[in-house]
Amino acid sequence: TAGETLKQGVNQYKSGNYEDAVATLQSIDASTLSDKDRKTLSDALTKAGAAADQRRAARAEFEQGQADLNANKPGSAITHFQNAAENKYADKGTQNKAREQMALAETMRKGMAADMKKLYSQAVASYKAGDLAGARTSFRQLMDMGYKAGAFQKSPQDFIKEINKKIGAEAPAAPQAELTPAAPAEATPAAPVADSAVAQATPTAPAPSEAPAPAPAPAETPAATAAP
């Protein structure tokens with residue numbers, strides 16, 4: 001009955017089976033329930049739906065963390081793995097795996113210490129030389145790698161904030177906007193060129209009109225006849 005299905009859905013929610021609970025509760029015809037049970041159904045659906053969304057969000061965080069780890073971005077990966085591990089709605093499997101990968105990312109981050117120090121020095125040099133866009137790219141890379149500035153160093157985040165104030169935070173997106181229209185612009189004129197070429201080829205047909213030029217030859221024939 002609808003009442004039994006309602007109890008089943010509520011129990012699934014309490015057991016942490018949020019997505020199953022949503023499916024079960026949504027299958028109930030609320031019109032067959034009493035006013036009290038309809039309220040219970042509404043409340044349970046709201047809670048189960050929110051919990052299911054959070055669980056999916058935790059999985060998404062884990063997947064992004066794994067993608068960053070594979071891309072040699074341990075700093076960014078650690079952040080995503082931590083978000084997944086600390087999400088109370090995440091399933092135990094996701095939480096445990098996130099902690100394992102977080103430790104792996106931290107090991108990777110430490111192994112990149114020498115490279116990060118070198119990149120930091122290059123980024124600071126670019127910043128001082130006025131290459132703000134290039135410096136920002138390097139500082140962002142350092143953030144993804146998980147670089148931790150020393151006690152007397154300015155952090156990559158602080159450098160990026162200063163650069164954004166000087167050249168604008170959205171400046172890097174401009175080149176992508178220019179690339180998109182470029183393709184159609186070149187493709188469109190291509191067709192007209194071909195047409196004009198054909199159009200020019202056609203007028204060359206009048207060339208045969210030069211053939212009559214030899215016609216004056218007959219004029220010499222009468223001259224020869226008049227001699228006798």
Side-chain angles (χ1 to χ4, degrees), residues 7-27 43-124 126-127 134-164 169 172-173 176:
K7 290 180 181 179
Q8 179 186 357
V10 171
N11 288 333
Q12 287 174 324
Y13 166 72
K14 291 180 179 179
S15 299
N17 299 319
Y18 307 126
E19 289 154 321
D20 290 340
V22 171
T24 299
L25 294 170
Q26 288 181 335
S27 70
D43 292 344
L45 259 177
T46 299
K47 293 178 180 178
D53 288 341
Q54 284 295 316
R55 176 159 292 182
R56 283 189 287 271
R59 291 180 188 141
E61 288 281 2
F62 179 86
E63 291 172 0
Q64 185 58 56
Q66 193 61 49
D68 286 343
L69 187 63
N70 294 339
N72 294 322
K73 299 178 180 179
S76 179
I78 289 173
T79 298
H80 290 296
F81 286 138
Q82 185 172 0
N83 290 340
E86 295 180 353
N87 188 322
K88 67 178 183 178
Y89 294 103
D91 59 86
K92 296 299 180 184
T94 298
Q95 290 177 329
N96 293 336
K97 190 62 178 177
R99 293 188 183 97
E100 292 176 9
Q101 295 303 88
M102 191 161 38
L104 182 61
E106 179 59 26
T107 299
M108 178 187 287
R109 188 190 70 77
K110 290 180 178 178
M112 299 168 69
D115 291 335
M116 288 192 287
K117 287 182 179 179
K118 182 178 180 180
L119 181 59
Y120 181 84
S121 297
Q122 293 174 342
V124 172
S126 296
Y127 177 81
R136 177 165 52 190
T137 297
S138 296
F139 285 128
R140 281 178 174 167
Q141 186 177 351
L142 285 165
M143 288 178 61
D144 289 338
M145 294 168 74
Y147 179 76
K148 296 181 179 180
F152 301 102
Q153 288 182 325
K154 185 182 295 185
S155 71
Q157 292 91 326
D158 289 337
F159 269 113
I160 290 176
K161 287 179 182 178
E162 290 186 5
I163 293 173
N164 288 344
Q176 295 181 340

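Here the straight-line distance linking atom CE of Met108 with atom CD1 of Ile78 works out to 9.5 Å at 0.5 Å rounding. Separation of atoms CG (Leu142) and CE (Met112) is listed at 9.5 Å; rounding is to 0.5 Å. Summarising the geometry, atom CD1 belonging to Ile163 is positioned 9.0 Å from atom CZ belonging to Arg140; distances are rounded to the nearest 0.5 Å.
For the residue pair Arg136/Asn164, the side-chain donor-acceptor check at 3.5 Å is satisfied. Counted by atom type alone, His80 and Gln64 present zero donor-acceptor pairs between their side chains at under 3.5 Å.
Applying the salt bridge (Lys or Arg N to Asp or Glu O under 4.0 Å) rule to Lys161 yields no partners; only residues at least two apart in sequence or on another chain are considered. Not a single side-chain hydrogen bond (donor to acceptor under 3.5 Å, both in side chains) links Asp20 to another residue, sequence neighbours left out. Every residue two or more places apart in sequence or in another chain that forms a side chain to side chain contact (heavy atoms under 4.5 Å, CB included) with Asp43 is listed here: Lys39. Residues forming a salt bridge (Lys or Arg N to Asp or Glu O under 4.0 Å) with Arg109 (at least two apart in sequence, or on another chain): Glu106. Taking Ala77 as the reference, Asp68, Leu69, Phe81, Ala105 meet the side chain to side chain contact (heavy atoms under 4.5 Å, CB included) condition, with sequence neighbours excluded. Partners of Ser155 according to the side chain to side chain contact (heavy atoms under 4.5 Å, CB included) rule, which considers only residues two or more places apart in sequence or in another chain, are Ala149, Gln157, Asp158. Listed by chain and residue number, Tyr127, Phe139 satisfy the ring-ring contact (aromatic ring centres under 6.0 Å, His included) test with Phe159 (two or more places apart in sequence, or in another chain). In this structure Tyr89 satisfies the ring-ring contact (aromatic ring centres under 6.0 Å, His included) test together with Tyr18, sequence neighbours excluded.
For residues 79-98, every residue pair satisfying the salt bridge (Lys or Arg N to Asp or Glu O under 4.0 Å) rule, not counting sequence neighbours, is listed here: Arg59-Asp91, Lys97-Glu100. The salt bridge (Lys or Arg N to Asp or Glu O under 4.0 Å) analysis of residues 146-157, with sequence neighbours excluded, yields the pairs Lys154-Glu162. Residue pairs meeting the ring-ring contact (aromatic ring centres under 6.0 Å, His included) criterion with at least one partner in residues 96-123, sequence neighbours excluded, are Tyr120-Tyr147. Residue pairs meeting the side chain to side chain donor-acceptor pair (under 3.5 Å) criterion with at least one member in residues 7-17, sequence neighbours excluded, are Gln12-Thr24.
Within the 4.5 Å cutoff, side-chain heavy atoms of Gln122 are placed close to those of Leu119. Contact annotation: the side chain of Asn96 approaches that of Arg99 to within less than 4.5 Å [non-hydrogen atoms, C-beta and beyond]. Residues Lys73 and Met145 have side chains not in contact (no heavy-atom distance under 4.5 Å, counting atoms from C-beta outward).
Under a 3.5 Å cut-off, the side chain of Asn70 and the backbone N or O of Gln66 do form a donor-acceptor pair. A donor-acceptor pair under 3.5 Å is absent between the side-chain atoms of Asp144 and the main chain of Gly75, judged by distance alone.
Considering all non-hydrogen atoms of both residues, Ala58 and Ala84 come closest at O-CB, 3.5 Å. Minimum heavy-atom separation, Ala21 to Ala48: CB-CB, 4.1 Å. Nearest approach of Met143 to Pro156, heavy atoms of both residues: CG-CB, 3.8 Å.
Using a 4.0 Å cut-off between a side-chain N of Lys or Arg and a carboxylate O of Asp or Glu, Arg56 and Asp53 qualify as a salt bridge.
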